[in-house]
Amino acid sequence: MAPGSDKSDLVQGTLEMLILKTLTLGPLHGYAIAQHIARTSNDVLRVEQGSLYPALERLLAKGWATAKWGETSTKRRARFYTITASGRKHLGDALSDYDRAALAIARVLGRA
Amino acid sequence: MSWLHAVRHRAVVLLRGRAYAREVEEEMRFHLELETMHQQHDGLRHDDAAHAAQRKFGSRAYHAEDVRRAGGWSLLDTAVQDARIAFRGLRRTPGFAAVAILTLAFGIGANATVYSWLDGLVMHPFPAVQEPDRLVSIVTLTPEAPRKTASYPEYVAWREQATTIQGLAAYQMYQFGLQDAAATSAAEPIWGVFASGNYFQTLGVRTTLGRAFVPDDSLPGATPVVVISHGLWRQHFAGDSAVVGRRVRLNGRDVEIVGVAPPNFTGSFAGLGFDAWVPLTAYPQLGDFAEKLRATGSYWLTVFGRLAPAVSIEQARAEVAAIGKRLSPDKPLDQRTSGLGLVAFEGGNARAILRPLFVAMLAITTLVLLIVCANLANLLLSRATARQHEMGVRMALGAGRARLVRQLLVESAVLAFPGALLGLAFAWWGRGALSALVPTTALPLDLETRLDARVVAFVIVVTMAATLLLGIAPALRLSSRSLSASLRSGARGVSHARPRLRGIFVVVQVALSLVALASAALFMRTLTALRHVDPGFRGPEHVLLVPTDFGFAGTRDPRSMRASVDRIIDRVKTLPGVTAAAFGDWVPMGVESPDTWTTTVPGHVPQPGESNSVSANHVTPEYFAAMGVPLLRGRAFRDADRSDSSMVVIVNEAFVRQFFDGREALGQAINVGMAAKPNATIVGVVKDGVYDTNRMRDPTPTFMYVPYAQASPRAVTLHVRTAGDPATVVAAVRREIADVAPALPVLAPGTLDERVRTAFFLQRIGSAVLGALGAVALVLSALGLYGVVAYAVAQRIREVGIRMALGARSGQVISVFVEYGLKLTFLGVALGMVGALWAGRLLSNQLYGVSPGDPVTMGGVAAILALTAVLATWIPARRAARVDPIVAMRTE
């Protein structure tokens, strides 16, 4: 995805959902979020840094996450993101929307 | 809850700007380091790992930009950027910037000032009063205009019966003489209000010191109490915090100060400020007529109350009408009324008078602001045209049209914002301007207005509108198809496209100027017509008026008042230069209303719509000589017309017309007051005059003069006619009065001439302000016209050169451009005529002696505009003719 071009809202929303779900595990910094998503999806979903940080900024701007500077286990300074109550609520809504959409697509494709 | 975090985050980003950007960068650097370590872990060497990581990550700067945009800040960023560029551009042309900002400041400031007057005096004149829209007044409906005042017995009856209106209160203004408790010095005249016990409660005004009225204050025999204003407390009592409980004298009687009103409360009359509030029940002690509270025919109180909660005004109106029907069988025979009505509380006459004036002024200032914006838009258009090349390049590089339009809007905002600040300063300075413009009158005018949140909001709205107006012109220019053409044809840009947009602006400007000038001209003609109306007296520049009031000194006995009056007249007549001296209790062309007497004439059947209330002036014998009022028939009063002889009156022509219908009035007996039998004889008839300058378009009211010896009010004015300049005898007159009655204060002496001039100040101010604004509009339009023609000349200079080289005469060349300019002017004048006729109709209430569509006025103004236009077009056109063809053709 070339920076500067219009990313589709669907893709943006999905990324935000993935990040929020990751944050339900606890406060994480940006790199750790990307690593988690890559590992859990068996490297199929690789979040580009160019998409990760704008997505995190959007979450902050919408109030679904907060960020604080803290220390990693190796005593390095990093910015940790925490999901908020409204973020959890939005995650719940997004998950049910996603399930509905996935089921509909599968039906059309004759897979369900 | 999400909005809380969201807002906090946005605030942090906004306030910490650069620091936040650095943090994001640090975060991404950290990510890059971790990625590098990861790559190393996968087996690459450090440098290769770093490169691989960097490649994977991409350009950090790019991502930083993305992050910012994701946070929704790109709009603000680009706006700030545009503002910086605009600022730099303006700094390079400081002359243009100064002119632009100053003219915008003038336009915005004028609007803000007039709006603050409108807001402070008409729309929200009572800041200390709770919910003023729930206040209503009871009025008595009559065949003519409703009677807005009531008698005390009526008020009491209404108060007992009304349920939909709570806290029915009554009040009236009154003048008092203030002395300290020992009464050692001359009384200081102050303005106060007689108010019912629930006055402050109904208004919802709380005192800052002490208390308002309590029911015990109304007990008979109680010492009268007074609530003083904040201003009086500071000035007269030096802000003494122990003022509550102090005793002073009002009109010669002891009163006790019980409270101090808040600083933002000066009474319930819009535009007036009062210093003292005294209970109504104290009127017999402090007022001029002991039986006033029992007089059923004396209508002097304004009655108002607050609508009960959840009651609508229609419900209250219905109840009031029912009360009126229930009470009317008890009314005496002269009450030809149509029942009781309910109106929204007005708080005096000022709002009705000022509202149309201020609205008209606001319309005019809006016009001026529009003209200023049109002018500036033209100038900005020229600048934008010069940058067409730059714009074309940027669009080719991918900047959206919206982006460029935003930039232009930001540029006009950079001009408008300082203009708005200056405009606010202008309005702040203009707060006191109204007080300064209005001359001192007999009433306690309080015209200081506030610059509060509403005015600031108004300025913001006006500024945004101006920004949009200014930005639209160059932005529209961008939408023309010739941008790519501009890239191809080099810096010269469009050579064949007519500057249609600029032409439209000029047409609008000319139209607006015509409207402003026409309105001003109508006002000026009104003023001239008013000046030529016969006021009913002669030689006003030789008449000195010295107002005074026996009540201030505590004199109540009519006999001693009459004795003082006679002695003062005798003394003053001996002064050198004095040809006549008299007292009268009312002076025409002021703001006070005269006393009225209910009058019936035996044998006269009143017509429908006719009033039996006749205005009266109580005068001493030499009054007609002193004022120069021509006596048409019969005689003036004599010393023999005293209280023990039979009552005589002198009436005006309007009286004769109404009651005698052309028959002989002299010698007839009439019923004055509510007398059952004729009790007065008409001994003279005088010429009609002008009595009330606010009612000059109504038919002349009936008027009657009564000898002072037979009815003696306490507030009187000494009229002194001198052979020369009255100012020379002022000091001597003061001495004589002080000699005869030391405690009698002399209030603001002036000549009758000054009074007449003061009477028309509204029309004078209107013409002056409108005329000034119209002149400014004319100059701006002329400049606009000049600019358009000059631009057209510059655009077509090559064509002109070619033509002249081919043999065209200079006259032909000039006429082309002049034709163009005149065509614009003609369109503007036509458009303006429509607007001016419409404006004239709006103003028709304020006009006198001239109709709104008066052809002479319209024609004259159009001619002035046309002449100016010819001049403005001819000058640049002439320059076209004088150009050297060779030079013109070489121009790039």
Side-chain angles (χ1 to χ4, degrees), chain A residues 1-7 9 12 15-16 19-20 28-35 38-39 46-91 93, chain B residues 1-14 16 19-39 41-42 52-78 397-400 403:
Chain A
M1 289 181 259
S5 67
D6 285 298
K7 304 184 170 105
D9 286 341
Q12 271 187 358
L15 178 56
E16 287 169 13
I19 296 175
L20 282 177
L28 290 172
H29 58 70
Y31 186 75
I33 295 174
Q35 286 294 86
R39 263 204 315 272
R46 271 192 297 252
V47 185
E48 288 185 12
Q49 292 80 341
S51 339
L52 174 67
Y53 286 97
L56 285 170
E57 188 69 25
R58 273 197 301 276
L59 290 181
L60 291 178
K62 291 183 199 171
W64 294 334
T66 55
K68 215 157 62 147
W69 283 93
E71 268 188 1
T72 66
S73 47
T74 56
K75 302 277 192 249
R76 306 287 303 281
R77 236 172 80 88
R79 210 159 152 220
F80 287 82
Y81 294 81
T82 316
I83 190 172
T84 63
S86 53
R88 283 180 207 274
K89 179 172 182 312
H90 172 81
L91 178 61
D93 295 339
Chain B
M1 262 305 269
S2 70
W3 61 267
L4 193 63
H5 295 296
V7 164
R8 193 150 46 127
H9 176 75
R10 283 181 188 270
V12 162
V13 174
L14 181 63
R16 299 190 50 229
Y20 186 78
R22 274 201 300 270
E23 281 183 12
V24 171
E25 192 159 326
E26 187 184 337
E27 190 180 5
M28 293 199 279
R29 245 200 330 260
F30 175 61
H31 188 122
L32 193 59
E33 277 177 25
L34 286 182
E35 187 64 42
T36 310
M37 277 180 4
H38 196 110
Q39 300 281 7
H41 194 79
D42 282 349
Q54 182 73 43
R55 252 199 324 262
K56 207 167 154 210
F57 197 88
S59 158
R60 276 210 306 275
Y62 239 162
H63 292 319
E65 168 80 25
D66 270 352
V67 167
R68 288 220 68 163
R69 195 168 327 138
W73 287 114
S74 61
L75 207 64
L76 190 67
D77 263 350
T78 53
L397 283 179
R403 174 81 182 80

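Nothing here was measured: the structure is a model prediction, and the numbers come from that model. Protein chains get the first letters and strands the later ones, always in sequence-line order, with residue 1 at the start of each.
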CG on B:Leu34 to CD on A:Gln35, rounded to 0.5 Å: 8.5 Å
Check each atom of B:Glu23 against the heavy atoms of chain A and say whether the ones under 4.5 Å are side chain, backbone, both or neither. both
Is any side-chain heavy atom of A:Thr66 closer than 4.5 Å to one of B:His9? no
Is A:Leu52 in contact with chain B via its backbone, its side chain, both, or neither, using a 4.5 Å heavy-atom distance? side chain
Turns out that what part of A:His90 lies under 4.5 Å from chain B's heavy atoms comes down to neither
dist B:Glu35:CD -> A:Tyr31:OH (nearest 0.5 Å) comes out at 4.5 Å
Rounded to the nearest 0.5 Å, what's the gap from OG1 on A:Thr82 to NE2 on B:His5? Could you check? 10.0 Å
Nearest-0.5 Å distance, NE2 of residue B:His31 to CZ of residue A:Arg79: 14.0 Å
Mind running side-chain contact (heavy atoms from CB on, under 4.5 Å) on B:Phe30 and A:Arg77 for me, showing each step along the way? CA-CA 8 Å; B:Phe30 175 61; A:Arg77 236 172 80 88; over 6 Å; no
Exercise: identify the closest heavy-atom pair between A:Lys62 and B:Ala6: C-CB, 3.8 Å
Donor + acceptor pair across side chains of B:Glu27, A:Trp69 (<3.5 Å): no
